[in-house]
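None of the values given here were measured: they were computed from a predicted structure.
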Amino acid sequence: MCDCRFTSVTSTQMVAWVGLYEGNYGFNFRNLPCKVSVCLTSEIFSRPPQLDYTGDQPNSSCYPCTNTTIEGCKCTVQFKVDTLLVGPVFMYYELSNFYQNQRKYGVSRDDDQLNGDLVYLKEPAEDCFPFRRDSKGKPIAPCGAIANSMFNDSFVVYKMNNNGTRTKIPLNAKGISWWTDYNVKFNNPPTDNGTDLRQAFEGTVKPINWPRPAYELDTEPGNNGFINEDFIVWMRTAALPTFRKLYRRMERGLEPGNYTVEISYNYPVVSFNGKKRVTFSTISWMGGRNPFLGIAYLVCGCVCIVTTVVMFIIYVKYQGAQAPIEK
């Protein structure tokens with residue numbers, strides 16, 4: 001027979017922990033100046049020119065180059081520097097509406113092949129399909145969709161002098177890739193004594209969209225094959241559809257004046273409603289220009305303020321209310 005005597009268990013009057021909102025409901029405004037400074041530093045103190053050269057408008061100097069039947073098309077864009085940009089100045093190319101984060105695109109590569117493994121050089125991984133072999137069955141090196149879609153526009157920067165002449169700005173292509181990529185992840189196939197890189201790639205073919213094979217990417221002998229730094233930079237895929245990749249460094253900076261960028265327009269983007277830009281960036285005390293961190297801080301701060309106000313209203317309204325105790 002059940003013992004139904006009145007106890008603390010049967011009456012649900014046992015001691016229990018109840019979370020109460022304490023009075024520390026103020027927003028920590030001490031962090032606000034830091035968040036604002038991160039955003040402003042990135043946006044104001046590090047904001048050199050950004051040049052759109054897509055050519056999707058008839059009044060653009062690059063508009064004729066959007067015709068893919070024209071080979072070797074060149075166009076120019078001008079910009080002005082009002083204040084001295086202390087070196088190094090970083091030159092980027094920027095693409096919009098290009099989804100390097102697409103799942104199948106992101107895995108379409110062979111890291112063993114890119115590391116110089118001779119076995120995978122001739123037998124690329126299945127992940128590279130359909131850019132694994134050409135129509136004749138020869139292996140593609142480098143294989144995969146990422147390598148096949150490598151960005152191949154090139155740029156030359158000139159400073160316009162007052163006497164009508166122009167001076168070419170030296171662009172440094174060394175050190176534009178990550179150290180770990182250049183020294184660890186990417187290596188050319190091993191060559192015997194007296195064997196050039198062409199012979200190391202013998203038996204393979206270039207990617208379908210490439211104008212030349214991997215061992216002829218640059219006129220500099222030490223910057224060819226899988227260790228070409230432009231290629232390495234491209235192979236590090238971006239997480240967002242609008243991204244920038246480092247193209248060159250201007251060690252001497254940019255003096256005030258008028259400049260011209262001569263563009264070898266090779267990379268088509270109009271067909272997928274993409275955009276192409278040239279961006280110049282300097283370094284502030286917070287590093288390079290990147291507004292994401294500052295914006296993220298401000299958004300999180302605003303969310304914290306709204307949450308604080310809501311919780312304070314709930315606390316004030318219900319602080320004296322207690323649930324009835326059933327006996």
- Item | Stepwise side chain to side chain donor-acceptor pair (under 3.5 Å) check, Thr237 with Asn101 | CA-CA 7 Å; Thr237 54; Asn101 57 355; over 6 Å; no
- For Thr54 and Asp52, run side chain to side chain donor-acceptor pair (under 3.5 Å): C-alpha distance rounded to whole Å, both residues' side-chain angles, the deciding distance at 0.1 Å, then the answer. CA-CA 6 Å; Thr54 306; Asp52 190 312; 2.8 Å; yes
- Query: Arg277 and Ser96: side chain to side chain donor-acceptor pair (under 3.5 Å), yes or no, with the steps?
  - Reply: CA-CA 9 Å; Arg277 300 180 184 89; Ser96 297; 3.0 Å; yes
- Task: Could you check Asp218 against Asn228 for side chain to side chain donor-acceptor pair (under 3.5 Å), going step by step and ending with a plain yes or no?
- Result: CA-CA 8 Å; Asp218 197 351; Asn228 176 269; 4.5 Å; no
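Side chains of Asn161 and Thr167: a donor on one and an acceptor on the other come within 3.5 Å. For the 3.5 Å distance criterion, the side chains of Thr165 and Asn163 qualify, holding a donor opposite an acceptor.
In this structure a side-chain-to-backbone donor-acceptor pair under 3.5 Å is missing from Glu94 to Lys276. Within the 3.5 Å criterion, the main-chain N or O of Thr219 finds no donor-acceptor partner in the side chain of Asn223. Within the 3.5 Å criterion, the main-chain N or O of Asp117 finds no donor-acceptor partner in the side chain of Asp112. Remark: side-chain polar atoms of Asn97 are paired, donor with acceptor, to backbone N or O of Phe272 under 3.5 angstrom. The backbone N or O of Gln113 lies less than 3.5 Å from a partner atom in the side chain of Asp110, making a donor-acceptor pair. The backbone N or O of Ser108 sits nowhere less than 3.5 Å from a side-chain atom of Asp127 that would complete a donor-acceptor pair.
The residues Glu123 and Arg133 are annotated as salt-bridged, a charged nitrogen and a carboxylate oxygen being separated by less than 4.0 angstrom. Using a cut-off of 4.0 Å between Lys/Arg side-chain N and Asp/Glu carboxylate O, Glu251 and Lys174 are scored as not salt-bridged. Comment: Asp181 engages Arg236 in a salt bridge, judged by a side-chain N to carboxylate O separation of less than 4.0 angstrom.
Contacts of Phe79 classified as ring pair (Phe, Tyr, Trp, His ring centres under 6.0 Å), with partners at least two apart in sequence or in another chain: Tyr259, Phe280.
Proximity of the aromatic rings of Phe186 and Phe226 is defined here by a centroid distance below 6.0 angstrom, and this criterion is not met. Phe131 has its ring centre no less than 6.0 Å from the ring centre of Trp210. Between Tyr53 and Tyr63, the distance separating the two ring centers is not shorter than 6.0 angstrom.
When Phe155, Tyr92, Trp234 are each tested for a ring-ring contact (aromatic ring centres under 6.0 Å, His included) with Tyr247, only one passes: Phe155. With Pro207 as reference, Asn148 is the one residue of Ile146, Asp134, Asn148 to meet the side-chain contact (heavy atoms from CB on, under 4.5 Å) rule.
Contact record, Thr66 with Gly55: CG2-O, 3.2 Å, taken as the closest heavy-atom pair. For the residue pair Val233 and Ile176, the shortest heavy atom distance occurs at CG2-O, 3.5 Å.
Rounding to the nearest 0.5 angstrom, the gap separating the CG atom in Leu51 from the OG1 atom in Thr260 is 10.0 Å.
Sulfur atoms SG of Cys65 and Cys73 are positioned under 2.5 Å apart.
Note: Tyr267 and Phe98 have tilted aromatic rings, judged against thresholds of 30 and 60 degrees for the angle between ring planes.
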